[in-house]
Amino acid sequence: MIQAKTRWNLAPWDEQADAAAQELSTALRLSPLAAKLLVQRGYREVAQAEQFLRGGSEHLHDPYLLKDMREAVARIREAASAGEKVRIYGDYDADGVSSTSLLVHVFRELGLHFDYYIPHRALEGYGLNKAALEKAAAEGVGLIVTVDTGISAYDEIAYAKELGLDVVVTDHHEPPARIPDACAVVNPKRHDCTYPFEGLAGVGVAFKLAQALLERPPMELTDIVCLGTIADLMPLTGENRILVKSGLERLRQTTNTGFLALAESTGIELPSITSTTVAFGMAPRINAAGRLDHARRAVELLISDNYDEAILAATSLDMLNRERQRIVEGIVKEAEELWAQKQAQALEAGEAEPAVIVLAGEGWNVGVIGIVASKLLERHYKPVIILGIDGESGMCKGSARSIEGYDLHAALTACDELLDHYGGHQAAAGMSLHRDQLADFERQLGELALEWLSEQDWIPKTGIDLECKVEEANLQTINELAQLEPFGAGNPSPRLLFQGAALADKRTMGKEAKHLKLTVKSGQAVLEAVGFSMGAIADRLIASSTVDLVGALSINEWNGQRKPQLHIHDLFSGGVYAKFPEREHFGQVYQMLRRMKRAPLEGLAKRLAELSGWPQEMTEVMLRVFTELAFIRIEDGIAIVAEAPEKRELSTAPSYQEAKSKAEQLQSPLFAATILV
């Protein structure tokens, strides 16, 4: 048996969803699978789904729906009329670089007297700072326009006023209780702002300011908007979807000097660029400038009209990114060694290993520790805090990444007496503290993890959109699924379940047989599936057996041939009971029964299996459990749902106990093997 490496969570599906999908399929001429995915993503109405698939700039919102937009536009136009010097003040990440670059293009078009400023990550830190404001005042700046920063700079903006500087804030981060007293504060997340879409990146807010200033949506700048939005992991829904989709189309035929140079220096094929290319090809190189040097290098690239200068800047960013990768690899290696030592110490002491990974090292570059934390999270699936220690002061600056169920912000709040500063949200955070507090910090974080997390929470979860049949995985369907692109945060690549697929062929490929290639079939339909870094399990797969596969569909092009292909995310082989439903899954099936009220018992398990995605053998178990608990009763071959059943635990049903016991046996280390990818 080969056990899945994650918990599979198949999204619920019912008859109402099925009816909505059929309507979309007919009205929009989509394959049933594409229509079902639209419904799963929340687009049930035909008009709503059509706008999602085909919406353009005509669906962008009025920028003046953003609170303080009129005041922001008025103050900038006043500066333009008076010839007043304006300074764009940005951030050093890819969103801040994109926001700054976009306004540079817009202010050039408007003929403003302006320049831009981005603080140095290591020397100045994030956001507005008083020294930078003093410098602006000394250099004759009258107005500062922030992008991707400023919403928390209450004291700094008050100081700017004392210096005679006006400030217009454009930002997208969560607002604090006190909004800065600026000329204008434009942020869709303001509690007193009724803008219809809160998910804009910093560059998206800058775009809305540009739209208001130019009195038109500057779609020619959506390539820059696309970069910042994807890099900042903003949801690719609503306005972001329109802007990113337009940006990708522009990038495929761009005349932007900076993007052309970046593509040439890195080998990016612009005509076939996708959101994935932007996320993993462009964004890391733009971010590398702010992490290791200064972000103005990246701004210079995106605003350049000189190709020779641009290719030098792009090559420089590529070299910085390679250096960033080298530094990350080095820190990851050191961090893994420290973690192995902690595990060994715990084993020697007869204790459990720490529940939260807290690792600190002198000389660790604080510009990349967030990347290191993410890599350790992927490998170990535990909350991770990586800290760089200043050898002279003993102060530690850290970055954290978390798993589902462990709220980093809440955990840091509980430890606030140990911290100098902290901030963030559930999944990611930053903090600073003295090295003398590290031991107590690690202990408290671990105690909270053991208190908050259940046994199941330590197993990563894979969300699955829909069950798919092998015969549905054809070129036409995959081409239709491409209409849901761009994929990313808020609109992930569809993850599909192929259940009980017959294994027709298996082999390994690549150096040292590292990767797995399978051929599965159903009737006459055949599908190739590739599992990267899964080659080690090939010998344990039994020919002519069945497998359950979770993955994403794509098209494999080779020697002029195009074939459907599944990129395997997870795999299971070994019997129905090894994936046992949790309480929520029983609840979903029971709600399906409640909507039916009564139904013939014959064929009911099969019908529930089709609706829920669980195998028929498991829905038969569920029906027996519901009967034993008196949630349903059987009369003359009809299953009737009880109107007001008594609340009872699933574990009190004999059929549940029997099935659960069988599943636990199959899932024990004696019988199961985890796939490490």
Engineer: Would you compute the distance between atom CG of L317 and atom CG of D293 and round it to the nearest 0.5 angstrom?
Structural biologist: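 Here the interatomic distance stands at 9.0 Å.
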
Engineer: So, H173 versus D171: side-chain donor-acceptor pair below 3.5 Å or not?
Structural biologist: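 Short answer, yes.
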
Engineer: Please give me the minimum heavy-atom distance between N129 and P119, naming the atom from each residue.
Structural biologist: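 Taking N129 first and P119 second, the nearest heavy atoms are ND2-CB, 4.2 Å.
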
Engineer: Flag yes if more than 12 heavy atoms outside R41 fall under 6.0 Å of its CZ atom; otherwise flag no.
Structural biologist: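 Above 12, so yes.
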
Engineer: Taking the side chain from H120 and the backbone from L123, do they hold a donor-acceptor pair closer than 3.5 Å?
Structural biologist: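 Side chain of H120 to backbone of L123, a donor-acceptor pair under 3.5 Å: yes, one is there.
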
Engineer: Say you draw a straight line from CG of L448 to SG of C415; how long is it, rounded to the nearest 0.5 Å?
Structural biologist: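 The SG atom of C415 is 5.5 Å from CG of L448, to the nearest 0.5 Å.
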
Engineer: Should V203 and T100 count as side-chain neighbours, where that means a heavy-atom distance under 4.5 Å?
Structural biologist: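 No, every pair of side-chain atoms sits at 4.5 Å or beyond.
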
Engineer: Got E334 and W364 here, is their nearest side-chain heavy-atom distance under 4.5 Å?
Structural biologist: yes

Engineer: Report yes or no: do E649 and Y656 form a side-chain donor-acceptor pair below 3.5 Å?
Structural biologist: no

Engineer: Around atom NZ of K375, are there more than 12 heavy atoms of other residues, nucleotides or ligands at under 6.0 Å?
Structural biologist: no

Engineer: I'd like to know if the side chain of R326 and the backbone of R322 have a donor-acceptor N/O pair within less than 3.5 Å.
Structural biologist: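 Checked: no pair found.
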
Engineer: For Q456, does the CD atom have more than 12 heavy-atom neighbours from other residues, nucleotides or ligands under 6.0 Å away?
Structural biologist: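 Buried by this count: over 12 neighbours within 6.0 Å.
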
Engineer: Centres of the Y92 and H294 rings: under 6.0 Å?
Structural biologist: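 They do not qualify: ring centres at least 6.0 Å apart.
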
Engineer: Give the C-alpha distance, both sets of side-chain angles, the deciding distance and a yes or no for salt bridge (charged side-chain N to carboxylate O under 4.0 Å, His left out) between D465 and R495.
Structural biologist: CA-CA 5 Å; D465 290 287; R495 196 169 285 169; over 6 Å; no

Engineer: Report yes or no: is the cationic atom of K382 (NZ for Lys, CZ for Arg) closer than 6.0 Å to the six-membered ring centre of W458, at no more than 45° off its axis?
Structural biologist: yes

Engineer: Measure the OG-NE2 distance between S533 and H515 for me, rounded to the nearest 0.5 Å.
Structural biologist: 5.5 Å

Engineer: Does D148 use its side chain to pair, donor to acceptor, with the backbone of D95 at less than 3.5 Å?
Structural biologist: no

Engineer: Taking the side chain as everything from C-beta on, heavy atoms only, tell me whether E323 gets closer than 4.5 Å to L292.
Structural biologist: yes

Engineer: If you measure from CG on L301 to OG on S265, what distance do you get to the nearest 0.5 Å?
Structural biologist: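 Going from CG on L301 over to OG on S265, the span is 8.0 Å.
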
Engineer: Are the charged groups of R7 and E404 less than 4.0 angstrom apart, N to O?
Structural biologist: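 Result for this pair is no, no salt bridge flagged.
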
Engineer: Do the side chain of Q437 and the main chain of E417 share a donor and acceptor less than 3.5 angstrom apart?
Structural biologist: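 Not a single qualifying donor-acceptor pair exists.
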
Engineer: Would you indicate whether the side-chain heavy atoms of E442 and E447 approach each other to under 4.5 Å?
Structural biologist: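 Result no, sub-4.5 Å side-chain heavy-atom pair not found.
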
Engineer: Shortest non-hydrogen contact from N491 to L236?
Structural biologist: CB-O, 3.7 Å

Engineer: Please examine the side chains of F197 and N240, heavy atoms only from C-beta on, and report whether any two atoms are closer than 4.5 Å.
Structural biologist: yes

Engineer: Looking at L496 and I464, what are the two nearest heavy atoms and their distance?
Structural biologist: C-CG2, 4.1 Å

Engineer: Quick check: does any side chain N or O of R121 sit under 3.5 Å from a backbone N or O of G290, one acting as donor and the other as acceptor?
Structural biologist: yes

Engineer: With salt bridge (charged side-chain N to carboxylate O under 4.0 Å, His left out) as the rule and sequence neighbours excluded, what pairs involving residues 423-440 come up?
Structural biologist: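 Pairs touching residues 423-440 that pass the test: E362-R435, D440-R443.
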
Engineer: Between R401 and I385, is there a side-chain heavy-atom distance shorter than 4.5 Å?
Structural biologist: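 Answer no - side chains too far apart.
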
Engineer: Check step by step if side-chain contact (heavy atoms from CB on, under 4.5 Å) holds for I118 and R296.
Structural biologist: CA-CA 7 Å; I118 296 178; R296 64 171 168 263; 5.7 Å; no

Engineer: Let me see the working for I2 and F572 under side-chain contact (heavy atoms from CB on, under 4.5 Å), right down to the final yes or no.
Structural biologist: CA-CA 6 Å; I2 299 173; F572 168 79; over 6 Å; no

Engineer: Testing I403, L408, D407 one by one against Q426 for a side chain to side chain contact (heavy atoms under 4.5 Å, CB included), which residue passes?
Structural biologist: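 Of all the options given, the one that passes is D407.
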
Engineer: Does any donor atom in the side chain of R190 or N187 lie under 3.5 Å from an acceptor atom in the other side chain?
Structural biologist: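 R190 vs N187: no donor-acceptor pair found between side chains.
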
Engineer: Go through the side-chain N and O atoms of Q343 and H380 and say whether any donor and acceptor fall under 3.5 Å apart.
Structural biologist: no

Engineer: Is T6 reaching over with its side chain to a backbone N or O of W8, donor-acceptor style, under 3.5 angstrom?
Structural biologist: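 Not a single qualifying donor-acceptor pair exists.
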
Engineer: Salt bridge or not between E485 and R241? Use side-chain N to carboxylate O under 4.0 Å.
Structural biologist: no

Engineer: Write down the atom of S399, the atom of A373, and the distance for their closest heavy-atom approach.
Structural biologist: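 Closest pair (atom of S399, atom of A373, distance): O-CB, 3.9 Å.
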
Engineer: Would you say that more than 12 heavy atoms from the other residues, nucleotides or ligands in this model lie under 6.0 Å from the CD of E392, or not?
Structural biologist: no

Engineer: If you look at every heavy atom in Q444 and L418, which pair is closest and at what distance?
Structural biologist: NE2-CD1, 3.7 Å

Engineer: Using every non-hydrogen atom in the two residues, find where A136 and I144 come nearest and quote the distance to one decimal.
Structural biologist: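 Closest heavy-atom pair between A136 and I144: CB-CD1, 4.1 Å.
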
Engineer: Is it true that K130 and E156 have a side-chain N and a carboxylate O under 4.0 angstrom from each other?
Structural biologist: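 E156 and K130: not salt-bridged.
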
Engineer: side-chain contact (heavy atoms from CB on, under 4.5 Å) between L376 and I386: does it pass, once the steps are laid out?
Structural biologist: CA-CA 9 Å; L376 266 69; I386 303 295; 4.2 Å; yes

Engineer: Are any of the side-chain heavy atoms of V530 and L516 separated by less than 4.5 Å?
Structural biologist: no

Engineer: Please check if atom CD in E584 has more than 12 non-hydrogen atoms from other residues, nucleotides or ligands closer than 6.0 Å.
Structural biologist: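 More than 12 heavy atoms, drawn from other residues, nucleotides or ligands, come within 6.0 Å of this atom.
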
Engineer: Nearest 0.5 angstrom please: S573 OG to D548 CG, how far?
Structural biologist: 8.0 Å

Engineer: Is any NZ, NE, NH1 or NH2 atom of the basic residue among D570 and K5 found under 4.0 Å from an Asp or Glu carboxylate oxygen of the other?
Structural biologist: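 Salt bridge absent between D570 and K5.
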
Engineer: Any side-chain heavy atom of L497 within less than 4.5 Å of one from L466?
Structural biologist: no

Engineer: Examine the side chains of T277 and T274 and answer whether a donor and an acceptor come within less than 3.5 Å of each other.
Structural biologist: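 Yes, a side-chain donor-acceptor pair sits under 3.5 Å.
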
Engineer: May I ask you to decide if C226's main-chain N or O and T229's side chain share a donor-acceptor pair within less than 3.5 Å?
Structural biologist: no

Engineer: Counting distance only, does the side-chain N/O of T146 pair as donor-acceptor with the main-chain N or O of T170 below 3.5 Å?
Structural biologist: yes

Engineer: Where the side chain of D457 meets the backbone of G405, is there a donor-acceptor pair that is under 3.5 Å apart?
Structural biologist: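 Pair absent, no side-chain N/O of D457 close to backbone of G405.
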
Engineer: Given the rule in the ring pair (Phe, Tyr, Trp, His ring centres under 6.0 Å) test, do Y116 and Y89 qualify, once you have shown the distances and angles that lead to the verdict?
Structural biologist: CA-CA 6 Å; Y116 68 88; Y89 194 109; over 10 Å; no

Engineer: Short question: side chain of H585, backbone of E582 - any donor-acceptor pair under 3.5 Å?
Structural biologist: yes

Engineer: Would you indicate whether M509, at its atom CE, is surrounded by more than 12 heavy atoms from other residues, nucleotides or ligands within a distance under 6.0 Å?
Structural biologist: yes

Engineer: Quick check for you: to the nearest 0.5 Å, what is the distance between I327 atom CD1 and R291 atom CZ?
Structural biologist: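 Answer rounded to 0.5 Å: 11.0 Å.
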
Engineer: Carefully, step by step, assess R285 and R324 under the rule side-chain contact (heavy atoms from CB on, under 4.5 Å).
Structural biologist: CA-CA 9 Å; R285 290 168 170 85; R324 188 270 305 168; over 6 Å; no

